[in-house]
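What's counted below: heavy atoms across the whole structure, side chains too, no hydrogens, waters or symmetry copies. To find a chain, count down the sequence lines: A is the first, B the second, and so on, and within it residues start at 1.
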2 protein chains.
Amino acid sequence: MPIVLAASVEHADVLLTLFIIVASAKLMAEIFERLRQPAVVGEILAGVLIGPSVLGWVQPTEMIGTLAEIGVIFLLFMVGLETKPKDIFKVGKRAALVGTLGVILPFVAGYLIASVWGGSFVESMFIGAALVATSVGITARVLGSMGLLERETSRIILAAAVIDDILGLIILSVVSSVGTTGIDVGALLKTAGLAILFTVIVGFLGSRVMTRLAPKVQNLQIRRPFFTIGLILCLGLSVASLYFGVAAIIGAFLAGMAMAEATERNHKMHQLTSGVTEFFVPFFLVNIGMQLNLSLFRDGSVIALAIVITVLAVITKFVGGGLGAWGMQRREMAQVGIGMVPRGEVGIVVAQIGLGLAAISEQFFASVVFMAVATTLIAPPLIKYLFAEDVDKDGVIEVVEEHEVPDEFTRIG
Amino acid sequence: MPIVLAASVEHADVLLTLFIIVASAKLMAEIFERLRQPAVVGEILAGVLIGPSVLGWVQPTEMIGTLAEIGVIFLLFMVGLETKPKDIFKVGKRAALVGTLGVILPFVAGYLIASVWGGSFVESMFIGAALVATSVGITARVLGSMGLLERETSRIILAAAVIDDILGLIILSVVSSVGTTGIDVGALLKTAGLAILFTVIVGFLGSRVMTRLAPKVQNLQIRRPFFTIGLILCLGLSVASLYFGVAAIIGAFLAGMAMAEATERNHKMHQLTSGVTEFFVPFFLVNIGMQLNLSLFRDGSVIALAIVITVLAVITKFVGGGLGAWGMQRREMAQVGIGMVPRGEVGIVVAQIGLGLAAISEQFFASVVFMAVATTLIAPPLIKYLFAEDVDKDGVIEVVEEHEVPDEFTRIG
């Protein structure tokens, strides 16, 4: 290779990595679609395949982690764009119950099984905490691709995931404090209060402020004003939420929800945002799959532990979330319960913190990562199955695809 | 900040950086649009402002460099999507002349001025090489925002930029060899031959292959099949072009051109791609501005050198490119000439290689970076001015904007 390329060799490596990730994710998505399985499962498995466990073509790096983070941020921003605040407030009480029960049961179960398995007090607390947080991105992706984000059960799941995230944060703060300095109740209350205040204030005021600002946005001179303001708001609230102690995806979701009414009929803005999202999402999904280190599972007892934790994680979340929806139809309770099951990247982050504090062992770490990936793989087919009737009922078989758009509509912008 | 956020603190930093870049770029774009100046100039100046030279809010990092590279790749992919191969071949001969003259004149001028200024032989060769390569992304952005990419002069500029890039590569290979091991004519011919073969073959066959594959793409089960295949092809050909010794943006342009006919009426695919592009472009523009280190210009002689090199870079490219279009109307010759002026990131990369080989001094390096940024800032207003009449003639004042799309069109996908 000529010297001239020296400056671009590192870019060549990065571009090659991006190419491998997108191409393999989409190839697996195509295969899974043909098998009538959810595309997300294919894309996560693509990560397992090309990651260190099997082929080793791609290693999890800071760069890919960042692209993955941007991916899940835009995924939740898109979901927010299709969620009007009043629809969320309508399901608020039920969602609070779903979120709370869906946190308590997995935490207790995780704590108990880890204790029984010989884990220390701190270790058991960490395993409990790692079982808590739902990764709503996966569920949102599956429901979105089925065109079902506007159903009541979908909204309960979304709202419960916000509450779930805040409760998870509080639990993790407690557990981390126990693992290091001991509990400071004052600091803890401050953390929790800030997180709740931020979410409630932005959730209540965001949409009103944006609806009032909409005419001004429309008068901006830059091209694609709503899309541009959307990008800025999405990134801005994601950062802000981190500083207020909430996950970045909650900020992105709130940003989308704030713009939902102002851009309701703005098809172009949705389409542009969808383009950004679709580019980044494969990195989010592949990155989850890449975290799985299969070599740790040569040990039979680790396999047993991983399976027990996974089974408990599925059952407790399903039962906890489902019970929270008590009073709805039984099928709807099951829908809510299964929608809360995927743990994805959140469980992995918790386990990494525990490992970083030397609070949990390699075996527990591997099992939690297995649980996080496994729940993410198990849930989508069940979600698809439990929601299938709704698709038929609404007559929405599939969202309109690009090649189905009639010609006369194709030259408007 | 609670311990829970430990794992996300680095993500918080990255997200904050992204937010600052996008928000400041779009703020400056809005200001420049209101002053009736090109938005690109505002976005590049945003980079100067927030970069190390002035406010120091953001430092040029590997991460931002990668996002910038993705940005210019998608920019050229979008341009390719609107360029049918036959339109390029039609202007082939003229473009070859424009590209060649537009390379020879700046190279000779750069070599001479550096020699006069006391540069060594190798140093002077490097300065000549740094003045060669046009950064067509800037011109494409300005012409695209004016809706003029389909004009003959625009196509000549695009095709000439491809030829320009290959010639620039050969010159830089020669210069780098002189700076290190001496010239190996065999290796050089092989490099040049590969680069030319790759470009010609992909240019000729790409569109035919894609047009033939289009029905198969349409039958894929994944959502948004053309957009997905477009992403994969764009990344794939960008990487491939680097391995064949051509810039990644040439591969991206060829990928877009290959899909131009197959997706001509696919409005949704263009819209989705446009979303990805618009997200990344601010990083490309801001990154150029950030490269400028104003503190090196405390020395009066560096200022003088920078200004002389910049003036020469503008005049020689304008005259060389313009002369290549001999036989067209004088205004069209001027349009072609000015369209070739921006050097942008390409000139900076050449200078960085020279600095890396210890072949050029800090002063020459600073002057070349100044030239690269300055030509990029000078050209857009002149392009806008010289093409303004065409906008009026075609009745295309501005591309249709999102908020102008009538309501009945907004709910098709």
Side-chain angles (χ1 to χ4, degrees), chain A residues 2-4 6-8 11-12 14-16 18-19 22-23 26 29-30 33-34 66 69 169 172-173 176 191 218 220-222 224 226 228 231-232 235-236 238-239 242 245 248 265-269 271-276 278-279 349 352-353 400-403 405 407 409-413, chain B residues 2-4 6-8 11-12 14-16 18-19 22-23 26 29-30 33-34 66 69 169 172-173 176 191 218 220-224 226 228 231-232 235-236 238-239 242 245 248 265-269 271-276 278-279 349 352-353 400 402-403 405 407 409-413:
Chain A
I3 280 182
V4 56
S8 25
H11 278 170
V14 174
L15 286 176
L16 182 62
L18 301 190
F19 170 72
V22 174
K26 292 306 173 182
E30 175 69 20
E33 288 280 7
R34 291 195 184 189
T66 303
E69 174 92 3
L169 159 87
L172 188 53
S173 299
S176 302
T191 304
Q218 185 127 350
L220 287 177
Q221 298 296 307
I222 40 171
R224 308 175 184 85
F226 281 99
T228 305
L231 287 184
I232 295 173
L235 291 172
S238 299
V239 177
L242 284 175
R265 317 190 74 191
N266 192 331
H267 180 64
K268 182 168 173 182
M269 188 269 189
Q271 203 75 295
L272 291 165
T273 310
S274 178
V276 184
E278 291 303 321
F279 175 80
V349 167
Q352 278 167 343
I353 294 174
V400 179
E401 281 315 310
E402 67 187 57
H403 41 72
V405 177
D407 272 346
F409 288 122
T410 56
R411 272 294 179 198
I412 46 170
Chain B
I3 280 182
V4 56
S8 24
H11 279 170
V14 174
L15 285 176
L16 182 62
L18 302 190
F19 169 72
V22 175
K26 292 305 174 183
E30 176 69 20
E33 288 280 6
R34 291 196 184 186
T66 303
E69 174 93 3
L169 159 87
L172 187 53
S173 299
S176 302
T191 304
Q218 185 127 350
L220 288 177
Q221 298 296 307
I222 40 170
R223 300 177 67 195
R224 308 176 183 85
F226 282 98
T228 305
L231 286 185
I232 294 173
L235 291 172
S238 299
V239 177
L242 284 175
R265 317 190 73 194
N266 191 331
H267 179 64
K268 182 168 172 181
M269 189 269 190
Q271 202 76 296
L272 291 164
T273 312
S274 177
V276 184
E278 291 302 321
F279 175 80
V349 167
Q352 276 167 342
I353 294 174
V400 178
E402 66 188 58
H403 41 71
V405 176
D407 272 346
F409 288 123
T410 54
R411 272 294 177 198
I412 47 171

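- Contact detail for B:Gln271 and A:Leu272: the closest heavy-atom pair is O-CD2, 3.4 Å.
- Interface remark: B:Ala248 contributes side-chain atoms only to the contact with chain A (heavy atom separation under 4.5 Å).
- Between A:Leu220 and B:Arg34, the closest heavy-atom pair is CD2-NH2, 3.9 Å.
- Ranked by heavy-atom pairs shorter than 4.5 Å toward chain B, the options A:Leu231, A:Leu235, A:Thr273 are led by A:Leu235.
- Your options are B:Leu16, B:Leu18, B:Thr66, and the one with the most heavy-atom pairs under 4.5 Å with chain A is B:Thr66.
- Among residues two or more places apart in sequence or in another chain, the salt bridge (charged side-chain N to carboxylate O under 4.0 Å, His left out) test is passed with A:Glu278 by A:Arg141, B:Arg224.
- For A:Phe226 against A:Gln218, the heavy-atom pair with the smallest separation is CE1-OE1, 3.6 Å.
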